[in-house]
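Structure, as structure tokens:
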Amino acid sequence: MPHLTVDYAAPLAGSLDPRAFGLELHAVVEATTGATTAACKTRFRQIEHSVIADAAGAAEHTDMVHIEIRLLAGRTAEVKARLADAVLELTTRSLTPDTGRILDVSVHVADLDRETYRAARTGERS
């Protein structure tokens with residue numbers, strides 16, 4: 001915990017370094033929420049197809065990024081809003097769409113239910 005999911009349009013794959021971006025996301029989460037970077041888990045999913053609005057005009061040339069952040073319940077709406085703003089700023093600063101394309105970024109911060117969330121880590125590192 002926290003769990004982060006970054007969905008991004010396929011045309012952005014060339015300008016996105018998942019490891020570097022993920023580590024920057026973890027630092028923003030820690031600075032904003034107090035969660036440790038050691039607890040952060042981020043996955044990246046490339047979007048092969050998406051439809052934005054009516055898919056006409058600019059929407060046809062728009063690359064989408066959506067970041068979902070799930071935190072253990074208990075943080076205030078203000079903290080979650082600050083986190084969403086910081087991640088939005090980081091993303092728009094870090095990702096550059098190809099010439100003639102538009103970047104559409106959204107961020108959602110949600111709670112993980114403390115009563116039902118479970119996690120385990122097994123195995124040994126040699």
Side-chain angles (χ1 to χ4, degrees):
M1 192 301 297
H3 288 268
L4 298 88
T5 303
V6 179
D7 294 312
Y8 64 96
L12 294 169
S15 67
L16 175 64
D17 177 346
R19 179 166 171 69
F21 187 68
L23 292 173
E24 287 186 83
L25 280 172
H26 295 180
V28 168
V29 169
E30 182 175 61
T32 309
T33 68
T36 66
T37 56
C40 292
K41 299 169 179 80
T42 299
R43 66 179 172 209
F44 291 83
R45 299 186 300 200
Q46 186 171 307
I47 304 166
E48 292 300 324
H49 305 283
S50 63
V51 177
I52 298 174
D54 63 1
E60 184 180 346
H61 306 285
T62 302
D63 295 325
M64 175 182 153
V65 176
H66 177 72
I67 301 174
E68 180 83 22
I69 303 168
R70 294 187 148 308
L71 305 164
L72 282 177
R75 293 183 175 79
T76 66
E78 180 182 87
V79 167
K80 291 187 275 189
R82 256 196 333 264
L83 176 58
D85 289 340
V87 169
L88 187 65
E89 190 278 326
L90 170 67
T91 306
T92 57
R93 178 174 38 86
S94 299
L95 297 180
T96 306
D98 289 340
T99 302
R101 299 195 63 79
I102 297 166
L103 183 62
D104 185 301
V105 181
S106 58
V107 178
H108 180 240
V109 180
D111 288 337
L112 288 169
D113 183 39
R114 287 181 177 274
E115 289 76 32
T116 59
Y117 176 77
R118 303 290 186 273
R121 185 176 290 185
T122 62
E124 292 183 26
R125 186 174 164 171
S126 44

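Since this is a predicted model, take the numbers as computed values, not measurements. Index from 1, following the sequence.
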Minimum side-chain heavy-atom gap Asp111-Lys80 below 4.5 Å:
yes

Provide the closest heavy-atom pair for [X] versus [Y] in the form atom of the first, atom of the second, distance.
| X | Y | result |
| --- | --- | --- |
| Tyr117 | His3 | OH-NE2, 2.8 Å |
| Ala73 | Arg114 | O-NE, 2.6 Å |
| Pro97 | Asp63 | CB-OD2, 4.3 Å |
| Ala86 | Thr32 | CB-OG1, 4.3 Å |
| His61 | Gly100 | CB-O, 3.8 Å |
| Pro11 | Asp98 | O-OD2, 4.0 Å |

With hydrophobic residues grouped by side-chain heavy-atom distances under 4.5 Å, do Val28 and Val79 end up in a single group?
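No.
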
Using the rule that Ile, Leu, Val, Met, Phe, Trp and Tyr join whenever any side-chain heavy atoms are under 4.5 Å apart, tell me whether Val105 and Val29 fall into a single cluster.
yes

So how far is it from [X] [atom1] to [Y] [atom2], rounded to the nearest 0.5 Å?
| X | Y | atom1 | atom2 | answer |
| --- | --- | --- | --- | --- |
| Thr5 | His108 | OG1 | NE2 | 12.5 Å |
| Arg70 | Lys41 | CZ | NZ | 14.5 Å |
| Leu4 | Leu83 | CG | CG | 8.0 Å |
| Met1 | Leu72 | CE | CG | 4.0 Å |
| Leu25 | Ile67 | CG | CD1 | 5.0 Å |

Exactly one of Thr37, Thr36, Thr42 clears side chain to side chain donor-acceptor pair (under 3.5 Å) with His26, and that residue is Thr42

If we check side chain to side chain donor-acceptor pair (under 3.5 Å) with Asp7, which of these qualifies: Gln46, Arg43, Arg45?
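With Asp7 as partner, Gln46, Arg43, Arg45 yield a single side chain to side chain donor-acceptor pair (under 3.5 Å), made by Arg45.
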
Report yes or no: does Thr33 contribute a side-chain atom to a donor-acceptor pair with the main-chain N or O of Glu30 at less than 3.5 Å?
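Absent.
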
What verdict does the side-chain contact (heavy atoms from CB on, under 4.5 Å) test give for Met64 and Tyr8, after you've listed the backbone C-alpha separation in whole Å, the side-chain angles of each residue and the deciding distance to 0.1 Å?
CA-CA 6 Å; Met64 175 182 153; Tyr8 64 96; over 6 Å; no

Does Leu103 form a side-chain contact (heavy atoms from CB on, under 4.5 Å) with Leu12? I'd like the steps, not just the answer.
CA-CA 9 Å; Leu103 183 62; Leu12 294 169; 3.7 Å; yes

Got more than 12 heavy atoms from elsewhere within 6.0 Å of CD, Glu78?
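Check fails, neighbour count at 12 or below.
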
Would you list the atom pairs, donor with acceptor, under 3.5 Å between side chains in residues 16-23 and any protein atom, with sequence neighbours excluded?
residue, atom, partner, partner atom, Å
Asp17, OD1, Arg19, N, 3.2
Asp17, OD1, Ala20, N, 3.3

